[in-house]
Amino acid sequence: MPELPEVETIKNDLTPQIVGRVFTDVKLSWPKAVRETAPDEFRSRLIGQTIVGLERRGKYLIFRLSGGEALILHLRMSGALLLRSPSDADGFVRTVFSLDNGQELRFSDVRKMGMIWLVKDVREVTDKLGPEPFDAAFTPQVMAQGLSKRSAPIKSVLMDQSFIAGLGNIYADEALFEAKIYPLKRAKELSHQDVKRLHKAIREVLDQAIAHRGTSISNYVDPAGQRGSNQYHLRLPRHEGSPCKVCNTPIQRLRLGGRSSYFCPRCQGNSELRR
DNA sequence: AACCTCACCTGCGGGC
DNA sequence: TGCCCGCAGGTGAGGT
């Protein structure tokens, strides 16, 4: 579910609350979420460690631990990370991390797709990720160079985490709408102007979403259980037939790799056809 | 290598 | 009302 802005919000909210805390217990009611490490070993290696820092890389949330290891979470489609008192009630809690101040960090995950790692080196998990969208090294020129080698639809490339880290279905659609680019346009066919607009649009769309604490279309919530508000500021309606906010043309939907892509046939018309 | 499809999970809402 | 189907913000495995 969460993309970069949602994970960034979670990281920002949790940092002042949990840095310095110690893991005192872990309960795994869906042990399959823990990758690469047996549940017993996971517990014994984690309990007693102090959280010394929190980071985000792409859609991964990274807890730096006093022993030099890192706890890494990925929320996938339906995950939420909640900071709660033991008496609070939450649904679909798959993992509970108890902290030394009596609070609980709860990994709630309806669809059980979320994943957890405990690693010595963060790169074991994040080494295939492409650049962060806000990294100074990720320039329009670098982006154009990468796109020039890709024949897949631009939407697919934007969702490819090894090309750029953090964009998912919603923000890829938003960026393409903002840049007025048809989602199925082949990446290598983008003009320099296209790439320039798209590069700018990616940062604008993500910046705005972070400012609004994420997009809660169905069930994203922050660590306090509160929804974000970016769903009220999306540029593109996520319903087929709804009017485009720019030109009133009915929004269309297409399927790409099993996902829905929404677009405005007028604002994002294939420039080859329009010419 | 790059690209595509499918599997992994569960719940919800729409159509019949 | 109840059932069936499609759909949901992601990724990695496996095939071409």
Side-chain angles (χ1 to χ4, degrees), chain A residues 1-10 29-36 56-61 72-81 90-95 107-117 124-130 133 146-177 183-189 202 205-206 208-210 212-222 227-241 253-262:
Chain A
M1 163 178 74
E3 304 178 42
L4 185 153
E6 289 75 32
V7 181
E8 180 72 12
T9 301
I10 292 169
S29 50
W30 178 252
K32 268 179 81 174
V34 179
R35 320 303 281 200
E36 324 270 325
R56 178 194 59 72
R57 176 80 173 94
K59 303 172 192 172
Y60 294 84
L61 192 59
I72 306 181
L73 303 186
H74 195 301
L75 305 179
R76 293 287 202 104
M77 292 290 271
S78 61
L81 204 54
D90 292 305
F92 310 107
V93 175
R94 312 297 184 193
T95 308
F107 190 175
S108 169
D109 187 13
V110 171
R111 293 174 68 180
K112 300 179 175 174
M113 288 177 164
M115 303 200 292
I116 303 172
W117 296 261
E124 292 172 42
V125 176
T126 62
D127 63 342
K128 295 202 173 62
L129 291 180
L147 292 179
S148 69
K149 299 178 211 130
R150 304 289 297 263
S151 62
I154 181 62
K155 168 95 185 265
S156 300
V157 178
L158 290 184
M159 305 229 317
D160 178 352
Q161 301 300 298
S162 70
F163 180 77
I164 179 170
L167 285 180
N169 202 34
I170 290 180
Y171 297 115
D173 275 0
E174 285 282 292
L176 288 169
F177 176 79
L184 296 184
K185 189 162 184 172
R186 304 273 142 188
K188 59 165 67 165
E189 312 282 329
I202 288 168
V205 157
L206 295 176
Q208 178 201 294
I210 293 167
H212 289 121
R213 303 183 49 78
T215 303
S216 296
I217 285 179
S218 54
N219 51 31
Y220 163 73
V221 290
D222 68 19
R227 291 159 61 85
S229 62
N230 196 55
Q231 63 275 20
Y232 305 119
H233 304 277
L234 293 177
R235 291 152 171 78
L236 180 66
R238 302 196 68 73
H239 291 286
E240 205 167 13
R253 181 176 83 111
L254 58 82
R255 299 290 287 180
L256 215 194
R259 323 296 304 280
S260 288
S261 294
Y262 296 91

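Letters go in sequence order (proteins before strands), and every chain restarts at 1.
At a threshold of 4.5 Å between non-hydrogen side-chain atoms, the residues A:K155 and A:L158 do not count as touching. Contact of the A:Y171 side chain with the A:I202 side chain is not registered, since no non-hydrogen atoms from C-beta on lie closer than 4.5 Å.
Separation of the P atoms belonging to B:dA7 and C:dG6 is 14 Å when rounded to the nearest angstrom. Nucleotides C:dT11 and B:dC12 are separated by 24 Å at their P atoms, to the nearest Å. If you take atom P in B:dG11 and the same atom in C:dG12, they sit 24 Å apart, rounded to whole Å. Taking atom P in both B:dT5 and C:dA8, the straight-line distance is 16 Å, to the nearest Å.
Pairing analysis of DNA chain B (Watson-Crick: purine N1 to pyrimidine N3 plus N6-O4 or O6-N4; G-U wobble: N1-O2 and O6-N3; both under 3.5 Å) yields stems of 3 or more pairs at B:2-8 with C:10-16, B:10-16 with C:2-8.
Residues from residues 152-164 of chain A with heavy atoms under 4.0 angstrom of DNA chain C, sorted by number: A:Q161.
A:N219 comes within 4.0 angstrom of a nucleotide base, judged by non-hydrogen atoms across all strands. Residue A:R259 is classed as a base contact, given a heavy-atom separation below 4.0 Å to a base. Heavy atoms of A:T215 sit under 4.0 angstrom from at least one base atom. Within 4.0 Å of A:R255, counting heavy atoms only, lie sugar-phosphate atoms of the nucleic acid but no base atom.
Closest of all the heavy-atom pairs between A:D173 and A:S261 is OD2-CA, 3.5 Å.
Within the structure, a side-chain polar atom (N or O) of A:R150 is placed less than 4.0 Å from OP1 or OP2 of B:dC3.
A donor-acceptor pair is defined here as one N or O able to donate and one able to accept, closer than 3.5 Å; such a pair exists between the side chain of A:E174 and the backbone of A:L236. Proximity of a side-chain donor or acceptor of A:R255 to a complementary backbone N or O of A:G257 within less than 3.5 Å is not detected. For A:E6 (side chain) and A:G214 (main-chain N/O), no donor-acceptor pair under 3.5 Å exists by modelled atom type. Judged by distance alone, the side chain of A:E8 and the main-chain N or O of A:K59 form no donor-acceptor pair under 3.5 Å.
Listed by chain and number, the residues in a salt bridge (charged side-chain N to carboxylate O under 4.0 Å, His left out) with A:R213 are A:D13, A:D222 (sequence neighbours excluded). Listed by chain and residue number, nothing satisfies the salt bridge (charged side-chain N to carboxylate O under 4.0 Å, His left out) test with A:D109 (two or more places apart in sequence, or in another chain).
Ring geometry for A:Y60 against A:W117 counts as tilted: the plane angle lies between 30° and 60°, on a 0 to 90° scale.
Environment of NE2 in A:H239: sparse, with no more than 12 heavy atoms of neighbouring residues, nucleotides or ligands closer than 6.0 Å. Other residues, nucleotides and ligands contribute only 12 or fewer heavy atoms inside 6.0 Å of the CD atom of A:E36.
Here chain A contacts DNA chain C (any atom closer than 4.0 Å to a heavy atom, that is under 4.0 Å), and the contacts span C:dC7 to C:dG12 from 5' to 3'.
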Sugar-phosphate means primed atoms, P, OP1 and OP2; the rest is base. With that split, encode nucleotides 7-16 of chain B 5' to 3' as B, S or - using protein heavy atoms under 4.0 Å.
-BBBS-----
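Rounding to the nearest 0.5 angstrom, the gap separating the CD1 atom in A:I154 from the CZ atom in A:R186 is 11.0 Å.
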